[in-house]
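The structure appears right after this line, and notes come after that.
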Amino acid sequence: MRVRRLRAREFRTYARLDVALGTGLTVVHGRNGAGKTNLLEALYFGCTGRSCRTSNEREVVRFGAQATHVDLDLCDADGVEHTLSVGFEPGEPKRLKADGAEVERLLDVPARPLVSVFLPDRLELVKGPPSLRRAHLDQVIAAAWPARAQTRRAYGQAVAQRNALLARIRTGRASRASLPAWDAEVARHGVSLRDHRAEACALLADPYAQAAEDLGLSGTSVLRYRPRTDAPDAAALAAELAERVDGDLDRGFTGHGPHRDEIVLQRDGRELRAYGSQGEQRMGLLALLLAEREALAEARGALPLLLLDDVMSELDPVRRAKLALRLDGPGQSVITTTDLAHVPGADAGSVCRIAVRDGAALVEPGGGGGMRFRRVPRPLGTAVEALTAELAPLTGLASVQRAWPDAVGPAIAAQAEPVAEQGGEVTVRCRSAVWAQEVELMGPALVAALNASIGTERVRSLRCTAGAGRPGDRRNR
Amino acid sequence: MYAPPIQRLIAELSRLPGIGQRTAQRLAFHILRESDEDATALAAAIREVKEKIGTCEICFNLAEGPRCRICLDDRRDPKVICVVEEFGDIIPMERTHEFHGRYHVLGGALSPIDGVDPEDIRLAELYRRVTGDEVTEVVIATNPTTTGEATALHIADELHHVAPDVTVTRLASGLPVGGDLEYADEVTLGRAFAGRRRL
């Protein structure tokens, strides 16, 4: 499953966003605060219906806007197209659609691409408490084997019930009579949860070691599952729980079971969590994500979309090159950077580059984006038209045309040109209907850029026509 | 907005399960439009059901009188008891025409979070029935949820103590008959797989 195009409205800093992604690596670049991470977040939001940055989802709606909308155009391995769409208005239930039909959860949608995401604040996953790693591993399990997601939910419910019972026994409001039943229920789900985790960790171990080595994390890197219990079956775990019941009653909660497991990331026998440097933890996290990607590819036969936010800035050139080499393989990945030079190979023809600036994102020419575009030789008539317009006294149109290439960037200038101007409305002729739509979608941002270039508020709106419409020809409206 | 009696009717109707404000309003208007006889018949039916229907003193099923129709029926096998959470669960069981024993309605399932302990559901009554009568088998038909499963385990445990000779069984869970594998959810299918049998 591949994401071909991302469209968003009123998302974070973007009033409108419409970009085509590359088939392989896509590099999003722009200065700090330009909206690179917002673009990644929009992708994640479109794939999962959730934000990867905040639990307060109100934040994703653009300041002053009512609601946000994210649409994804997808394309599966057989070339069949799908769409996902997420509409969100704070305070209302989300409107999730897959291929135009409403669904309750995107997680169940077969067309949904799997996503793994690297954000700088996700370093907590390596250096934070074990609960984060457990939750993360369980998410990987759910992604790889959807049927197993239920186990964690059921286990959580059983433990919550047991804890409630412990509290009631402690305060004398309940007897111990039903405790064995809850022990058995906790154990039944606990043993399968542990087995699922063990299997997932076994699947991750080799790719992790390999990825860590590839990324230049020195020494031997190991990912290991450290389960709390090694009870052979549910009855044995239930017995272990029963043995510890006095301690549990003292504490008021269940102190034994898979909800106390740890997933250990080690380098040369020492835990990254405690002994790793910031850089090493960062590499560990990256290696973990890359390993998951491989494991998921093996379990589900699909490479997840990899979103990497600002990962290059803290790597040295050697490691940058190593990471770039790994991203060059099959599968889609999106990486953000402030400086294109930080991504080795970013200028390759197969790489799609998206420039982000002031709440607008533009796909650059020459990239391997879903929409390839190049300069097509222009017919003489068009060229002369443009030339006469340029030679004529500086009319409104002439000033717009002068400012056009700089204001909209070479990508759009190659595909669309202003051909008429009347009372602030600029007619833009585009090479194709698709581009007419593109330019129209970017309208407000382009108007602002044009006005900034010209220096006056001359332009009020853009009118896009496709194909060989003559200037002022309104039939193409 | 409306006259107080209408407002009251709407408020009462909207307390019913599955009825929202709008539906309640529609129902209220319908009742207003109805003939007097129809409306009073509805009121009388509600009153009658509350006056005449109680719970069976043996199995706690709904009953008109002290005992329910199933407990009064001599053809039903008193040796087998099927334990269900709510009396609503009896109807689907009856529709199978497969079960000829009697029932026991617990009135809920163990859920410490909601403060439901063994004393709060009709377990003592069940144990009394099992030890007193000539019961040979207890079929536990609680829901296959966390609370239902724990309740089943608890009952089985207790029954092994109080009546070691009684066979305790649990309903199987798996694929719906006539269903398509294609449409089965993963959990059900997983259970069915775990409980597969040799042919």
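A, B, ... follow the sequence lines: proteins, then strands. Residue 1 opens every chain.
Distance check, rounded to the nearest 0.5 Å: CD1 of I121(B) to OG of S178(A) gives 9.0 Å. Separating the CG atom in D117(B) from the CZ atom in R168(A) is a distance of 4.0 Å, to the nearest 0.5 Å. Between the CD atom in E149(B) and the NE2 atom in H189(A) there is a gap of 7.0 Å [rounded to 0.5 Å]. Atoms CZ and OG1, from R153(A) and T146(B) in turn, are 10.5 Å apart once rounded to the nearest 0.5 Å.
For R162(A), no part lies under 4.5 angstrom from a heavy atom of chain B. For chain A, the nearby parts of T147(B) are the backbone and the side chain; heavy atoms of each come within less than 4.5 Å.
Within a 6.0 Å radius of CZ in R251(A), more than 12 heavy atoms belonging to other residues, nucleotides or ligands are found. Shown here is E34(B), whose CD atom has more than 12 heavy atoms of other residues, nucleotides or ligands within 6.0 Å. Around OH of Y225(A), the count of heavy atoms belonging to other residues, nucleotides or ligands within 6.0 Å exceeds 12. For Q66(A), the CD atom counts as loosely surrounded, since its 6.0 Å shell holds 12 or fewer non-hydrogen atoms of other residues, nucleotides or ligands. Other residues, nucleotides and ligands place no more than 12 heavy atoms under 6.0 Å from the CD atom of E104(A). In the displayed structure, R69(B) atom CZ is contacted under 6.0 Å by at most 12 heavy atoms of other residues, nucleotides or ligands. For CZ of F29(B), the number of neighbouring non-hydrogen atoms (other residues, nucleotides, ligands) closer than 6.0 Å is greater than 12. More than 12 heavy atoms of other residues, nucleotides or ligands shown are found within 6.0 angstrom of CG on D180(B).
Contact tally against chain B (heavy-atom pairs below 4.5 Å) for P180(A), A177(A), A154(A): the top residue is A177(A). Across R173(A), R188(A), R148(A), the residue that shares the most heavy-atom pairs under 4.5 angstrom with chain B is R188(A).
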side-chain contact (heavy atoms from CB on, under 4.5 Å) between L110(B) and W182(A), intermediate numbers included: CA-CA 9 Å; L110(B) 295 181; W182(A) 288 109; 4.2 Å; yes
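For A181(A) against L153(B), the heavy-atom pair with the smallest separation is O-CD1, 3.6 Å.
Between the side chains of Q161(A) and S111(B), at least one donor N or O sits under 3.5 Å from an acceptor N or O.
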